[in-house]
Amino acid sequence: MTTPELGLPMAVPAEGLPARVRIHEVGARDGLQNEKAIVPTETKAEFVRRLADAGLTTIEATSFVHPKWVPQLADAEQLFPLVRDLGDLSGTALPVLVPNERGLDRALALGATRIAVFASATESFAKANLNRTVDEALAMFEPVVARAKAQDAHVRGYLSMCFGDPWEGPVPVPQVVRVCRALLDMGCDELSLGDTIGVATPGHVGRLLTALNEQNIPTPSLGVHFHDTYGQALSNTLAALQHGVTTVDASAGGLGGCPYAKSATGNLATEDLVWMLTGLGIDTGVDLDRLTATSVWMAEQLGRPSPSRTVRALSHQE
């Protein structure tokens, strides 16, 4: 893994882009929850620690969802104490996903200070993922967000199916804006706009971001979460950066998908994102060599090669 040491990619800044991007690393949660194999708790903890060592400052650690629904993350109570000290040692933010007040209780009891809730822009996915209507899910999250804020926790709101739904097709922009407004009004500090099945294109990304701004939803409160089903994740990310977005979700090695949406493939690979941002002269604070080595190591634990093109290139797997 010597290409970055040779000065590649060459940094050629483009006008109108942010100087720095914060990567919200989701590999340890969104990535591993979609694996068929159950990864040992100690391996997950080592994964989080290696990601932090590579320079990632926000690492989503786990999910306090009922083990019946996501058995891959059933060890949240055992895992979080193994990595909690990263917040004190290096200032690493360790958000965790909670589905309801019971999940919030479990997370707060272990000292979590950053939590995330997950809503849907469409009725079909809300039913499949939460067994509720969109509005019923929002009502469920209101006390969760209120209690988290009362404990001075930072709250992120995930919004799935912002661009397309496997049952409903294209999702109208005003429909997405409505749910975003509801999440912010209930107290979420930031929103992550999810392209859950990877059907977004750059023009659609720009239109949604513009529509959100027109409804007084500021760009600094928004992050983007793209899946690479049709190879559009990086181009969509660039469109978001051109609009001023500075928070991008990505998954080390391209791990992950969505267990409740069969057409959802892997997340945008963090290494592919870092390669592009480095070439644009955008600071991420991430050591690409260390990150790649971490994804190679995790791929070995999973018994299969990483889907990330950058990981494969830098580790000479192709």
Side-chain angles (χ1 to χ4, degrees), residues 24 26-35 38-41 44-45 48 58-87 93-161 179-180 182-192 194 196 225 249 256-261:
H24 188 103
V26 301
R29 195 277 301 172
D30 192 22
L32 294 184
Q33 79 171 18
N34 204 45
E35 291 297 320
I38 303 295
V39 178
T41 304
K44 292 177 184 174
V48 172
T58 305
I59 305 170
E60 204 158 89
T62 188
S63 173
F64 288 88
V65 178
H66 194 287
K68 174 183 176 181
W69 301 115
V70 186
Q72 295 88 342
L73 302 180
D75 59 350
E77 265 92 358
Q78 293 73 45
L79 172 66
F80 195 75
L82 296 178
V83 298
R84 185 173 50 204
D85 64 313
L86 287 172
L94 296 170
V96 296
L97 205 65
V98 302
N100 49 36
E101 288 193 84
R102 173 56 184 149
L104 178 65
D105 289 339
R106 295 167 60 200
L108 293 178
L110 292 171
T113 59
R114 299 177 73 96
I115 68 115
V117 296
F118 49 99
S120 170
T122 66
E123 297 293 345
S124 296
F125 190 67
K127 181 66 175 177
N129 195 29
L130 297 167
N131 198 30
R132 286 172 169 79
T133 66
V134 170
D135 287 338
E136 287 170 347
L138 290 172
M140 179 179 68
F141 294 140
E142 283 187 13
V144 176
V145 175
R147 285 185 52 210
K149 296 303 295 179
Q151 295 293 320
D152 294 323
H154 179 279
V155 181
R156 169 179 251 229
Y158 277 106
L159 187 58
S160 299
M161 303 295 172
V179 185
C180 286
L183 288 168
L184 284 177
D185 287 347
M186 74 172 66
C188 288
D189 296 289
E190 67 173 322
L191 301 179
S192 174
T196 314
H225 185 121
D249 296 5
C258 178
Y260 297 98

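Nothing fancy with the numbering, it's 1 onward along the sequence.
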Tell me the closest heavy-atom pair linking R147 and D105, and the distance in Å. NH2-OD1, 2.5 Å

In L104, V98, V145, V144, the residue satisfying side chain to side chain contact (heavy atoms under 4.5 Å, CB included) with V155 is V145

Mind listing the closest non-hydrogen atom pair of K149 and G187 along with its distance? CD-O, 3.7 Å

Q33 and L73: side chain to side chain contact (heavy atoms under 4.5 Å, CB included), yes or no, with the steps? CA-CA 6 Å; Q33 79 171 18; L73 302 180; 3.7 Å; yes

With a 4.5 Å limit on heavy-atom distance, are the side chains of L97 and I115 in contact? no

Taking all heavy atoms of R84 and all of L110, pick out the closest pair and write down the distance. NH1-O, 2.7 Å

Between N129 and S120, is the side chain to side chain contact (heavy atoms under 4.5 Å, CB included) condition met? List the steps. CA-CA 8 Å; N129 195 29; S120 170; over 6 Å; no

Would you say the side chain of V96 lies within less than 4.5 Å of the side chain of R114, judging by non-hydrogen atoms? no

Are L183 and Y158 close enough, and set up right, to give a side chain to side chain contact (heavy atoms under 4.5 Å, CB included), and what steps lead you there? CA-CA 9 Å; L183 288 168; Y158 277 106; over 6 Å; no

Give, for atom CD of E136 and atom OG1 of T133, the distance between the pair rounded to the nearest 0.5 Å. 3.5 Å

Ignoring hydrogens and angles, state whether a donor on the side chain of D30 or H225 is under 3.5 Å from an acceptor on the partner side chain. yes

Please report the interatomic distance CZ(F118) to OG(S63), rounded to the nearest 0.5 Å. 6.0 Å

Chi angles and distances behind the side chain to side chain contact (heavy atoms under 4.5 Å, CB included) call for I59, L94: CA-CA 5 Å; I59 305 170; L94 296 170; 4.2 Å; yes

Do E77 and F64 come within less than 4.5 Å of each other through their side chains, counting heavy atoms only? yes

Looking only at heavy atoms, what is the nearest atom pair of A137 and L130, with distance? CB-CD1, 3.7 Å

With L184 as reference, evaluate V179, D189, L191 under the side chain to side chain contact (heavy atoms under 4.5 Å, CB included) test and give the passing residue. L191

F141 six-ring face occupied by R156 cation (under 6.0 Å, within 45°): no

Taking all heavy atoms of L79 and all of A45, pick out the closest pair and write down the distance. CD1-N, 3.5 Å

Beyond-backbone contact of K127 with R132, side-chain heavy atoms, under 4.5 angstrom: no

Separation of M161 CE from L159 CG (nearest 0.5 Å): 10.5 Å

Does any part of the side chain of R29, heavy atoms only, come nearer than 4.5 Å to the side chain of P95, both counted from C-beta? no

How far apart are the closest heavy atoms of R106 and V65, and which atoms are they? NH1-O, 3.6 Å

Euclidean distance, L108 CG relative to Q151 CD, rounded to 0.5 Å: 5.5 Å

Any V134 side-chain heavy atom under 4.5 Å of T122 side chain: no

Measure from the side-chain N and O atoms of D75 to the backbone N and O of Q78, and report whether any donor-acceptor pair falls under 3.5 Å. no

Say you draw a straight line from CE of M186 to CG of L138; how long is it, rounded to the nearest 0.5 Å? 4.5 Å

Rounded distance (nearest 0.5 Å) linking atom CD of E101 with atom CD of E142: 11.0 Å

